[in-house]
Structure formats: structure tokens, C-alpha cells
Q: 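Take this structure first; my questions come after.
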Amino acid sequence: RGLFCFDTIELAGEGPTGLFFLQQRRAVACEIAALPAEVPWPMQAGSHRAEDEWRDLRAYVPGDAPSRIHWRKAAWPMGAGRTDWVIKRFGSASESREEACLRVDLRLPSGRTRRDFERLLGRAWFWLRQRQGRPGRLILGDREFDTMDRASWHRAARALAACEPSARPPASGAGMLLTLERGA
């Protein structure tokens, strides 16, 4: 897990019969964010809500399920003659505002390991992926990100990739608090 930068990329390939070999080296500044493994939230009894109520549309994001593409609006005008796909958003009308905000405590209490911290980040990453393009806020330590804004969502993903334990408590406010309790 982390942010990795490189300034040169080398691409190489060989023909199927081995008769030719191609290789190209390019100077390209690039950054790769290696994120923690997703850790799904445990379902509690009675907490599951059916998400079958159609609410609105949002722009397509790579990785969206093709079954959610609104095919009748596939040529939705985006301005300047550009068209793009749109995705149907579903949700429960009873979705509370508190569930749309996650505060992550980045402190590593005594008795807890680095692996516990990675699982905490994996849970935050799972939550963030579920909120992509939907209203919500991620508060990671003292930094806040809007899950509805694509650029802010990507900044949140980068911040999760680069997270290190902190000595400071999380920002105060409403929403769910994701934290590690002191180990035994």
C-alpha cells in the first residue's frame, strides 16, 4: 500500500511465434496509488435496506456495472458536442445523513498492530468505493473529502493509499466513527 512515482516506463512484447521482439522506453511522469485490500463492513441484523428505488442519474465512472447504464440516455449531451453515458442511481429514501459521513480515527492504540491499522483502512476504502458518486463525506484524520465530487473522491483514495498512523484525534463532527480500540 502506498503512493509510488516513476519517471520512465519500458514496454516490451514478443510476437506469438517469437519472430519479432518490440521494445519501447518512454520518459513519462506517473503516480500509482496502491490501495489497501477492501474489508467489507459486517452486516448487522436489520441493517440491510433494499436499494431498489430509482433516484437520479450521474455520470458514468469506469468500473460501473453495465446493468446500471441508462441506455435510453446513452447520448446524454455533456457540452461542446461531447456525449457520455449516465448511470441510474438507486437508494433508499430512508438513507440517513449520518450514514453518509465516515470519520476515520488514524491513531494506532497500544496493543494494536500495523495489520489492524491496514484492516481499518480497508474498511474505509470499502466504504469510499460504495459512496463513489453518491452524496457523502469522508473525514480521514483532519482531512475532509466529498464523495460526490470526482476529483475529491480521487484525492480521498490517494490519501487512503498514503495513510500512516497519527497521534492526533480525528476531526470532531457528526457521522460514524471508524476507530481501533485499545488492544488487550
Side-chain angles (χ1 to χ4, degrees), residues 1-14 21-43 51 58-69 84-87 89-91 99-171 173 175-183:
R1 183 182 61 78
L3 292 176
F4 302 96
C5 298
F6 57 90
D7 56 7
T8 304
I9 187 169
E10 186 173 313
L11 304 170
E14 186 175 300
F21 178 77
L22 299 173
Q23 182 176 8
Q24 182 179 23
R25 175 175 270 196
R26 300 202 61 180
V28 177
C30 203
E31 179 181 77
I32 295 176
L35 290 149
E38 281 188 15
V39 178
W41 291 76
M43 291 298 288
E51 293 202 356
R58 68 167 172 79
Y60 173 83
V61 176
D64 282 334
S67 63
R68 294 256 173 130
I69 294 173
D84 215 342
W85 290 344
V86 290
I87 299 296
R89 289 199 319 177
F90 296 86
E99 291 178 27
C101 178
L102 179 66
R103 293 174 32 236
V104 183
D105 185 350
L106 298 176
R107 293 178 291 182
L108 185 61
S110 63
R112 290 301 186 148
T113 65
R114 184 71 180 199
R115 185 174 181 190
D116 296 328
F117 185 74
E118 292 298 321
R119 284 187 54 80
L120 174 88
L121 295 181
R123 288 191 192 280
W125 174 230
F126 177 81
W127 183 90
L128 183 63
R129 283 187 39 98
Q130 300 299 312
R131 300 300 312 174
Q132 185 174 13
R134 296 171 56 198
R137 291 182 307 137
L138 173 67
I139 301 172
L140 197 56
D142 59 355
R143 297 176 63 193
E144 186 172 332
F145 305 94
D146 179 3
T147 60
M148 187 82 163
D149 177 52
R150 184 180 286 186
S152 181
W153 189 92
H154 285 288
R155 283 192 301 274
R158 286 182 73 248
L160 271 171
C163 253
E164 291 296 327
S166 171
R168 297 189 319 215
M176 294 183 292
L177 176 63
L178 185 60
T179 187
L180 290 172
E181 294 180 358
R182 192 172 298 275

Q: Just jot down the side-chain contact (heavy atoms from CB on, under 4.5 Å) partners of Arg119, sequence neighbours excluded, or say none.
A: Val39, Arg123
Q: So which heavy atom on Glu181 is nearest to which on Arg112, and how close?
A: O-NE, 2.8 Å
Q: Which atom pair, heavy atoms only, marks the closest approach of Leu120 to Leu178?
A: CD1-CG, 3.5 Å
Q: So which heavy atom on Pro165 is nearest to which on Phe117, and how close?
A: N-CZ, 3.5 Å
Q: Any carboxylate oxygen within less than 4.0 angstrom of a Lys/Arg side-chain nitrogen, looking at Glu164 and Arg114?
A: yes
Q: Say whether, by atom type as modelled, one donor and one acceptor occur between the side chain of Trp153 and the main chain of Leu128 under 3.5 angstrom.
A: yes
Q: To the nearest 0.5 Å, tell me how far Leu22 CG sits from Leu11 CG.
A: 10.5 Å
Q: What residue among Gln24, Arg26, Arg25 forms side chain to side chain donor-acceptor pair (under 3.5 Å) with Glu10?
A: Arg25
Q: Say whether, by atom type as modelled, one donor and one acceptor occur between the side chain of Arg150 and the main chain of Gly133 under 3.5 angstrom.
A: no
Q: Mark yes or no for whether Arg1, through its side chain, and Leu160, through its backbone, hold a donor-acceptor pair below 3.5 Å.
A: yes
Q: Which heavy atom of Ser152 sits nearest to which heavy atom of Asp146, and what is that distance?
A: OG-N, 2.8 Å
Q: Does some side-chain heavy atom of Thr179 sit less than 4.5 Å from a side-chain heavy atom of Pro170?
A: no
Q: Could you report the tightest heavy-atom contact between Ala124 and Leu102, atom names first, then the distance?
A: CA-CD2, 4.2 Å
Q: Name each donor-acceptor pair under 3.5 Å that joins a side chain in residues 27-37 to protein atoms two or more places apart or in another chain, with its distance.
A:
| residue | atom | partner | partner atom | Å |
| --- | --- | --- | --- | --- |
| Glu31 | OE1 | Arg158 | NE | 2.6 |
| Glu31 | OE1 | Arg158 | NH2 | 2.9 |
| Glu31 | OE2 | Arg158 | NH2 | 2.9 |

Q: What pair of heavy atoms forms the shortest contact from Arg137 to Trp127, and how long is it?
A: O-CH2, 3.2 Å
Q: What's the separation between atom SG in Cys101 and atom CZ in Arg131, rounded to the nearest 0.5 Å?
A: 10.0 Å
Q: Arg103 and side chain to side chain contact (heavy atoms under 4.5 Å, CB included): which partner among Leu177, Leu138, Leu140?
A: Leu177
